[in-house]
Amino acid sequence: MIPSAGAAVLTYYGVSGPLTETGSTIIQKGQAVGFALAIGVFIWLAWFYLFGLIHRLKERQLVNALIAGGLMVGTIAAIDAPFNMLALAGGPAAQMSLVDMAHAYEQRSDAMIASATATRQLLPAIKVQGQRFAKLKTGEEKSGTYSGKPMPGKVSATFGQIADLLDGLANQLEGSLAHVDGLQAELTAAFRQLKTFAYQQGPIRARMEGASAAADRIDALLGQARQYDFGASIESTLASLDTSLLRPQASTDGFAQTQATEIAAVAAMAKPVADNLRASLAELRGRTLPAAATLRPESPLTAIRTYWRELLPHWCAALFIDFAPAALLFLLIAARRQADRDD
């Protein structure tokens, strides 16, 4: 009777918890009480008859009784174990869901910060290269350093194109970093709030509601941050470097041929810059996490199944309440059979 009463109490708690989500009226509480009492009575009746009768049976009747009793107890356990589990571990399971959600969002934020840090480290080198090609353009126009004629021409225009692309990339990255830095303070505050709901003690439903609101705010901020894609800016600059440089045709004119040769040399000078940008782009893409589904806390009923490995001891306890008397029953059968043999 004591295990049956304990199972009834746990069943009531497990049934009444989900019912409270829809208002927990008197009728619903009555339904929970009725269901829990029915489960408790059926558990008591099943074991009462098994303990009282099965050791008296032999041969075919014993087999039939064991089959019927096994079906009865197994069905009750299949119905009752999830409710026992909700009572024993519904709160811890939902807590695990909150912690995992906070950890996943923290990973996304860390990836964004790592991407911004790598871009910030790359920015000075881009500026230096842009200034370098700008100086080469000025030198070519003033003294004809490469073509031999101090005037604007194709060589200086090539230098200018590269300098403009690098300067534009630097300005674009600076603007994106400024916006991301502005969002960082708001993200930090939102994460602090999310972790407070995830790790503090208190009613789980109120914490799940607060964590969901904080996650909504983080999703909005991360969506704004994704608009400033550093990799896309670098990728577009690389495409421009590959396609927009002047490609002069070979000519029999001496000066035109000199310009063609020097433009090819300028393209060779720009190639290491492009290779470094391409390597930086690959690094940024590696730091960026793939797009993931929106995360929200799981309800206790869902969480006990999601985290069943971590909650395996609780599942064993939930099933033990319903199945434990079976071991005592087999002991009783063995003892009675031995007594019959001794007689």
Side-chain angles (χ1 to χ4, degrees), residues 1-22 24 27-97 298-343:
M1 290 184 67
I2 292 175
S4 301
V9 172
L10 291 176
T11 302
Y12 171 75
Y13 187 90
V15 173
S16 62
L19 290 179
T20 58
E21 303 296 334
T22 58
S24 186
I27 295 177
Q28 291 171 326
K29 290 183 178 180
Q31 290 172 344
V33 170
F35 182 78
L37 288 176
I39 289 293
V41 169
F42 276 121
I43 292 175
W44 181 81
L45 286 175
W47 292 119
F48 177 79
Y49 279 102
L50 287 173
F51 274 93
L53 298 177
I54 202 167
H55 61 87
R56 303 173 185 270
L57 305 177
K58 295 181 180 179
E59 299 178 352
R60 185 63 181 175
Q61 288 78 8
L62 176 62
V63 173
N64 292 337
L66 286 174
I67 292 174
L71 289 174
M72 180 72 173
V73 173
T75 303
I76 292 174
I79 296 171
D80 190 46
F83 298 114
N84 293 342
M85 188 62 183
L86 275 176
L88 293 172
Q95 171 73 24
M96 291 179 184
S97 174
E298 293 183 349
S299 66
L301 188 60
T302 304
I304 59 174
R305 291 175 171 83
T306 302
Y307 299 97
W308 67 270
R309 290 184 178 85
E310 294 84 350
L311 298 173
L312 190 59
H314 297 80
W315 275 107
C316 291
L319 291 169
F320 179 80
I321 295 174
D322 296 321
F323 282 123
L328 301 177
L329 180 63
F330 286 121
L331 287 173
L332 175 63
I333 294 173
R336 288 300 177 93
R337 292 294 179 270
Q338 184 63 40
D340 292 344
R341 194 172 291 121
D342 292 343
D343 291 342

Surrounding [atom1] of [X] (heavy atoms of other residues, nucleotides or ligands, distance under 6.0 Å), is the total greater than 12?
{"X": "Phe320", "atom1": "CZ", "answer": "no"}
{"X": "Phe323", "atom1": "CZ", "answer": "yes"}
{"X": "Tyr307", "atom1": "OH", "answer": "yes"}
{"X": "Ile2", "atom1": "CD1", "answer": "no"}
{"X": "Glu59", "atom1": "CD", "answer": "no"}

Would you confirm whether Ser97, through its side chain, and Glu298, through its main-chain N or O, come within 3.5 Å as a donor-acceptor pair?
yes

Any side-chain to backbone donor/acceptor pair from Trp315 onto Ile304? Under 3.5 Å, distance only.
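Yes; judged by distance alone, with no hydrogens or angles, the pair exists.
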
Do the ring centers of Phe35 and Phe83 come within less than 6.0 Å of each other?
yes

For the atom pair CD1 (Ile54) and CG (Leu66), what is the distance rounded to the nearest 0.5 Å?
3.5 Å

Just how far is it from atom CG of Leu86 to atom OH of Tyr13, taken to the nearest 0.5 Å?
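Reported value, rounded in 0.5 Å steps: 9.0 Å.
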
Nearest atoms (heavy-atom pairs only) where [X] meets [Y]:
{"X": "Asn84", "Y": "Asp322", "answer": "ND2-OD2, 3.6 Å"}
{"X": "Ala36", "Y": "Thr11", "answer": "CA-CG2, 4.0 Å"}
{"X": "Ala94", "Y": "Ala303", "answer": "N-CB, 3.9 Å"}

Worked check of side-chain contact (heavy atoms from CB on, under 4.5 Å) between Leu329 and Trp47
CA-CA 9 Å; Leu329 180 63; Trp47 292 119; 4.1 Å; yes

